[in-house]
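Only a predicted model underlies this, so the values are computations on that prediction, with no experimental measurement involved. Side chains are part of it too, since the values below use all heavy atoms of this structure and drop only hydrogens, waters and symmetry mates.
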Amino acid sequence: MMKHYIKGGNETKKGNKKQLPKPITIIINSVLPVILLLVAGFYFIPKASMYFQNNDVKGLDTNVQAVMFYNADCAHCQKVYPKIFWHNVLNFNHDDKQIQTINVQNVNNKHYVTDFAIQETPTFMKPNNPNMKLVSTDVKQINSFAETGASDQ
């Protein structure tokens with residue numbers, strides 16, 4: 001009788017091991033990795049773009065709202081670049097809402113510093129009016145600068 005009781009006790013213990021409900025298991029195994037990937041992408045894609053995408057810019061795009069001259073190692077540029085990157089992603093269908101980005105740290109782009117008298121980074125400039133410049137990391141300031149036409153100032 002005692003053996004039976006112990007055996008029954010062990011079985012009860014096994015049965016008590018809680019398993020997560022199936023939907024939660026699916027979320028942990030399928031959805032969570034996707035969310036983590038998206039979050040990682042949100043932070044790392046702009047960083048990769050900042051260093052590798054804008055290193056040999058052939059010329060200013062005169063159709064864009066503004067141009068951002070930046071240095072990939074500049075802390076202020078690193079702060080603002082992801083915001084500009086995602087702004088451009090969200091407006092990928094509208095050239096007139098884009099902000100062209102040029103890494104002036106790269107040898108191929110160094111001439112822009114002298115061409116447009118860039119003194120610090122990040123510098124935002126109107127592609128059709130090089131005299132209109134803004135040095136800022138404030139997104140509201142940058143947006144209002146970008147949205148202002150050359151005739152408005």
Side-chain angles (χ1 to χ4, degrees), residues 14-153:
K14 271 185 193 161
N16 276 346
K17 280 191 181 165
K18 290 246 187 252
Q19 275 198 316
L20 289 171
K22 196 157 180 70
I24 292 175
T25 308
I26 290 169
I27 289 170
I28 290 172
N29 293 339
S30 309
V31 180
L32 199 61
V34 172
I35 291 170
L36 290 174
L37 199 66
L38 290 173
V39 169
F42 183 78
Y43 288 102
F44 294 115
I45 291 171
K47 199 161 185 68
S49 164
M50 186 173 183
Y51 280 92
F52 301 112
Q53 198 176 4
N54 315 300
N55 290 335
D56 191 6
V57 179
K58 298 297 178 211
L60 293 189
D61 183 345
T62 51
N63 299 317
V64 297
Q65 252 185 350
V67 179
M68 173 188 174
F69 297 101
Y70 73 93
N71 179 326
D73 290 335
C74 149
H76 296 293
C77 301
Q78 289 170 358
K79 177 183 168 192
V80 78
Y81 185 91
K83 295 174 176 101
I84 303 304
F85 177 87
W86 290 114
H87 164 87
N88 286 342
V89 168
L90 293 173
N91 293 294
F92 73 97
N93 267 342
H94 306 282
D95 278 356
D96 59 335
K97 285 188 168 46
Q98 294 277 323
I99 296 174
Q100 183 181 17
T101 50
I102 299 175
N103 182 6
V104 293
Q105 177 186 24
N106 191 279
V107 176
N108 301 318
N109 297 333
K110 286 233 188 271
H111 64 92
Y112 289 110
V113 174
T114 46
D115 293 353
F116 299 110
I118 306 299
Q119 292 173 1
E120 48 189 321
T121 54
T123 293
F124 293 85
M125 184 185 86
K126 288 292 190 179
N128 298 313
N129 186 351
N131 296 326
M132 277 182 68
K133 290 193 187 93
L134 169 74
V135 177
S136 178
T137 58
D138 182 285
V139 175
K140 281 188 179 143
Q141 272 187 342
I142 294 164
N143 283 339
S144 70
F145 173 80
E147 288 162 10
T148 310
S151 58
D152 300 342
Q153 294 219 342

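For the pair K47 and F85, the NZ or CZ position fails the cation-pi test of under 6.0 Å to the six-membered ring centre and within 45 degrees of the ring normal.
Counting heavy atoms from C-beta outward, D73 and Q105 have side chains that approach closer than 4.5 Å. In this structure, N54 and I102 have side chains that are not in contact, with every pair of non-hydrogen atoms separated by 4.5 Å or more. For the pair L60 and M125, the minimum side-chain heavy-atom distance is below 4.5 Å. The side-chain heavy atoms of Y70 and H76, taken from C-beta on, include no pair separated by under 4.5 Å. Q141 is not listed as a side-chain neighbour of F124, based on a closest heavy-atom distance of 4.5 Å or more.
By the 4.0 Å N-to-carboxylate-O rule, D95 lies too far from K97 to be salt-bridged with it.
At a cut-off of 3.5 Å, with distance as the only test, a side-chain donor of N55 or N103 sits close to an acceptor on the other residue. Inspection of the N71 and T121 side chains reveals no N or O donor paired with an N or O acceptor under 3.5 Å.
Contact between D138 and K140 at its shortest, heavy atoms only, is OD1-N, 3.0 Å. Of all heavy-atom pairs between P127 and V67, the closest is CB-CG2, 3.9 Å. Listed here is the closest heavy atom pair of C77 and P122: SG-N, 3.5 Å. Heavy-atom minimum distance, I142 versus V80: CD1-CG2, 3.4 Å. When all heavy atoms of D61 and Q100 are compared, the pair lying nearest together is N-OE1, 2.8 Å.
Partners of Q78 by side chain to side chain donor-acceptor pair (under 3.5 Å), not counting sequence neighbours, listed by chain and number: Y51.
At least one donor-acceptor pair under 3.5 Å links the side chain of T148 to the backbone N or O of S144.
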Could you pull out every donor-acceptor pair under 3.5 Å between side chains of residues 20-44 and any protein atom, sequence neighbours left out?
unit_1: T25; atom_1: OG1; unit_2: P21; atom_2: O; d: 3.2
unit_1: N29; atom_1: ND2; unit_2: T25; atom_2: O; d: 3.4
unit_1: S30; atom_1: OG; unit_2: I26; atom_2: O; d: 3.3

